[in-house]
There are 2 protein chains.
Amino acid sequence: MAETQIKNMEEFSAVSGISRPTVSKYFNDPDSVRHTTREKIEAAIEKYDYRPNIFAMNQNRKMTKNVGIVVPLLADPYFAEIARNLEQRCIDAGYRPTLFSAHGDPALETEVLENLRSMKPAGVLLAPLGRASDRRSLEKFVEDVPTLIFDSSVEEFGIAFVGSDNFQFTSHITDYLCRTGEPPCFFEMKTPANPNAHRRRQSYLNAMEAFGHEPQVISVDGEGWSFEEIGRLGGHEALSNKQFSTNTILCSNDRLAIGLLTACYEQGIKVGRGPEAAIRVAGQDGHPHSRYTCPPLTTISHDYDAVSMHAAEALFLAIDGHVEPWKSTRLEGKLILRDSA
Amino acid sequence: MAETQIKNMEEFSAVSGISRPTVSKYFNDPDSVRHTTREKIEAAIEKYDYRPNIFAMNQNRKMTKNVGIVVPLLADPYFAEIARNLEQRCIDAGYRPTLFSAHGDPALETEVLENLRSMKPAGVLLAPLGRASDRRSLEKFVEDVPTLIFDSSVEEFGIAFVGSDNFQFTSHITDYLCRTGEPPCFFEMKTPANPNAHRRRQSYLNAMEAFGHEPQVISVDGEGWSFEEIGRLGGHEALSNKQFSTNTILCSNDRLAIGLLTACYEQGIKVGRGPEAAIRVAGQDGHPHSRYTCPPLTTISHDYDAVSMHAAEALFLAIDGHVEPWKSTRLEGKLILRDSA
DNA sequence: GTAATTTCTTTACGCGCGTAAATTTTTTGT
DNA sequence: ACAAAAAATTTACGCGCGTAAAGAAATTAC
């Protein structure tokens, strides 16, 4: 690295021997300049360690290279994991991702979108809070910014939706449970955070009917995003009152299942699929933590990789101007058999 | 809101009746203008929904209002939780926080800092990867940007360090375990990710000596940040080989403990403090998930609130120019008694 | 009420880069 | 080798705001 400190593109253009507009063009898209020119510029970048001022860059460009990634709750490893995936894909595609979390709070979600707007993002990958989201501010946002909705759909907002096929999820795992033991009861939140839960309940009802079993849904109280605690408290109540009509419980999601497992433990109820176990518990999501519960949780897992790939690709296409009608992509999950069911 | 769309500060200055330089002053610091002026401006903001262009703002200011928050692994709920805390404090103090994760990768950590630099942040709250961090790039970074190190200290880098008192952590919980049963063995990673682990081991050795017990450290293999899996695999090996000389195991951190609990489960070993339990297991960190293990994990918890408060305050003071000699603040943890020990 | 002080206005320039237009140079096709 | 096409250069302006300087206006002090 040379000792002369380059402070702007003008100076850089001088030392690199390439005119400033061409240098500017290069930074906008390295492939847009001739191969030999590109090499000269990159040699100079290497030598002088020059990087253009991103604020000055973004000020004039109508479209920046910024991409916002918004999740409802970053403290949930599921969202952390998918956000990590998306982040990497954005970087690989030459964008500058920025991570945001609504922390379970609708007001914060609105605020985050408000702030995002001022970053003039080329696009946004948004997993909405769901039921609690402020519909009007979401609507206003997606009008102005190319937004791909993932994880949980909100009407036909944005350019497309990419998520998991909740119907497949639940029917698949219900099928498994029915084939390997007593048919499952369904354990869920009474007022779930997002519409995925409704689909899963409906799919459970459908599947049970198809198999000729009597469905039983236990809906527990609880607001907010403390699913484990809701599952634990609700589980205690349901267990104490003997609300489960069979020895098998399918939870609406893994976090609820984790709470339920804790409740079972606290009541001395042995969970598993062995003969000595009293009940079987299964979850849904393939939560990063589900491997380490006791017993390890049988679940049906999101295809993290596929979801993030489809979501990112769809957004990048839209940014590049490939307009397509709104589309919903729902990917299948994979059953993960462990000891809990 | 009026229908006229204000597109820059010039226009806003016209409709608000305040000159542009004064409006600019207001956005730089609302308290720097006269009370009556401030009200006029804020009324106009409300009416016209104007927000200054952040790129243009940041371009000329030598110091922005940006604050970077960098953690080693956002998928770890511990870091997610503390990041959330810090984020909120930054917002409350009028800064614009941006979240970054090194995702356990030293190269990514360096890259994140490189990108952060171009955001000209007023300051950075950095929890380094630790042992794996690239010392030289950290050093270069903290020279240029006011950086507060938290969670895991790296020499005397940055403006200060704020974290937990690992010596107090381990001596406190070791004391508890000794008083309530057999003295603990210490379960850790052979090559831990950060220096906190070394302090904890040392503190364990000190405490055991003080109590007149023979210490026993079991160090398990494993690289990276998959602590649960490392704990599980190492736990299996240690349990099979009967390496634990007492019935009590203190883990270097909660994630390791969670893995160990899974190993115990998989070997049919009952964990708890009751008479029917075979061993006791305790962790350290107060991991958000520790409440929901089976049995719920006895641990010693970081004071998340205090750590984030001290860290944020120290950074804000430094940004405001209060230069103080480098200082290390280590906060005590609180013992959380649960069923596992 | 007057002077001192604070705050605001006017004027003006610059930051670093995007980008458009006209021109020149280089590359490509045949 | 020559014309056509592609890419680079020169020139020039603008983006939205920070900020400095000088003077006018409003507030405060006494």
Side-chain angles (χ1 to χ4, degrees), chain A residues 4-45 48-66 94 96 115 117-122, chain B residues 4-45 48-66 94 96 115 117-122:
Chain A
T4 34
Q5 187 58 28
I6 274 70
K7 54 179 244 281
N8 60 31
M9 202 177 272
E10 201 75 52
E11 290 185 16
F12 178 78
S13 136
V15 298
S16 69
I18 305 292
S19 73
R20 194 175 68 72
T22 303
V23 171
S24 171
K25 202 151 174 289
Y26 165 84
F27 280 111
N28 204 346
D29 176 8
D31 283 323
S32 68
V33 302
R34 200 185 295 145
H35 187 71
T36 53
T37 309
R38 178 171 175 170
E39 282 180 339
K40 283 187 206 164
I41 294 177
E42 288 178 344
I45 291 177
Y48 295 95
D49 196 32
Y50 168 73
R51 318 189 90 189
N53 180 312
I54 58 165
F55 301 114
M57 283 181 71
N58 288 334
Q59 173 172 16
N60 300 318
R61 261 212 279 264
K62 48 217 90 186
M63 190 120 301
T64 68
K65 284 281 185 179
N66 296 331
R96 292 179 52 99
N115 280 326
R117 205 189 224 107
S118 69
M119 292 178 59
K120 291 182 187 159
Chain B
T4 34
Q5 187 59 27
I6 273 72
K7 55 178 242 281
N8 60 31
M9 202 177 273
E10 201 75 51
E11 291 186 15
F12 178 77
S13 136
V15 298
S16 68
I18 305 293
S19 73
R20 193 176 68 73
T22 303
V23 170
S24 170
K25 202 152 175 288
Y26 165 85
F27 280 110
N28 204 347
D29 176 9
D31 283 322
S32 68
V33 302
R34 200 186 293 145
H35 186 71
T36 52
T37 309
R38 178 172 176 169
E39 283 181 336
K40 282 186 205 164
I41 293 176
E42 289 179 345
I45 291 176
Y48 295 95
D49 196 33
Y50 168 73
R51 318 189 91 191
N53 180 311
I54 58 165
F55 301 114
M57 283 182 70
N58 288 334
Q59 172 172 16
N60 301 317
R61 260 212 280 266
K62 50 217 88 189
M63 190 119 300
T64 68
K65 285 281 185 181
N66 296 331
R96 291 179 53 98
N115 280 326
R117 206 190 222 105
S118 68
M119 293 180 57
K120 292 183 188 160

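Chain letters run A, B, ... following the sequence lines, proteins first and then strands; every chain starts at 1.
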Distance below 4.0 Å between A/Ser19 side-chain N/O and D/dT10 OP1 or OP2: no
With B/Asp29, which residues qualify under side chain to side chain donor-acceptor pair (under 3.5 Å), at least two apart? none
Side-chain heavy atoms of A/Ile54 within contact of A/Lys65, under 4.5 Å: no
Hey, could you give me the CD1/CE distance between A/Ile18 and A/Met9, rounded to the nearest 0.5 Å? 13.0 Å
Taking the side chain as C-beta and beyond, is there a heavy-atom pair between A/Arg96 and A/Met119 under 4.5 Å? no
How long is the gap from CG on B/Asn60 to CD on A/Gln59, to the nearest 0.5 Å? 8.0 Å
Quickly work out the A/Asp31 CG to D/dA7 P distance and round it to whole Å. 12 Å
What is the separation between atom CZ on B/Phe55 and atom P on D/dG18, rounded to the nearest whole Å? 14 Å
Mark yes or no for whether A/Lys25, through its side chain, and A/Ser32, through its backbone, hold a donor-acceptor pair below 3.5 Å. yes
Nearest whole angstrom, please: distance from the C1' of C/dT9 to the NZ of B/Lys40. 12 Å
Answer yes if the side chains of A/Tyr26 and A/Glu42 hold a donor-acceptor pair under 3.5 Å, and no otherwise. yes
Separation of A/Met57 CE from B/Ser118 OG (nearest 0.5 Å): 10.0 Å
Walking DNA chain C from its 5' end, the first of B/Arg38 and A/Lys25 to be reached, judged by nearest nucleotide, is B/Arg38
Separation of C/dT10 atom C1' from B/Ile18 atom CD1, nearest Å, is 14 Å
Which atoms of nucleotides 11-17 of chain D (N or O only) lie under 3.5 Å from a protein N or O atom, and what are those distances?
residue : atom : partner : partner atom : Å
D/dA12  : N6   : A/Arg20 : NH2          : 3.3
D/dG14  : N2   : A/Asn60 : ND2          : 3.1
D/dC15  : O2   : A/Asn60 : OD1          : 2.5
D/dC15  : O2   : A/Asn60 : ND2          : 3.2
D/dG16  : O4'  : A/Gln59 : NE2          : 3.1
D/dG16  : N2   : B/Gln59 : OE1          : 3.4
D/dG16  : N2   : B/Asn60 : ND2          : 3.2
D/dG16  : N3   : A/Gln59 : NE2          : 2.9
D/dC17  : OP1  : B/Tyr50 : OH           : 2.5
D/dC17  : OP1  : B/Asn53 : N            : 2.8
D/dC17  : OP2  : B/Met9  : N            : 2.3
D/dC17  : OP2  : B/Tyr50 : OH           : 3.3
D/dC17  : O2   : B/Asn60 : ND2          : 3.0

Pairs under 3.5 Å (N/O, protein and nucleotides 25-29 of chain C):
none

Is there a side-chain polar atom (N or O) of B/Thr22 under 4.0 Å from OP1 or OP2 of C/dC8? no
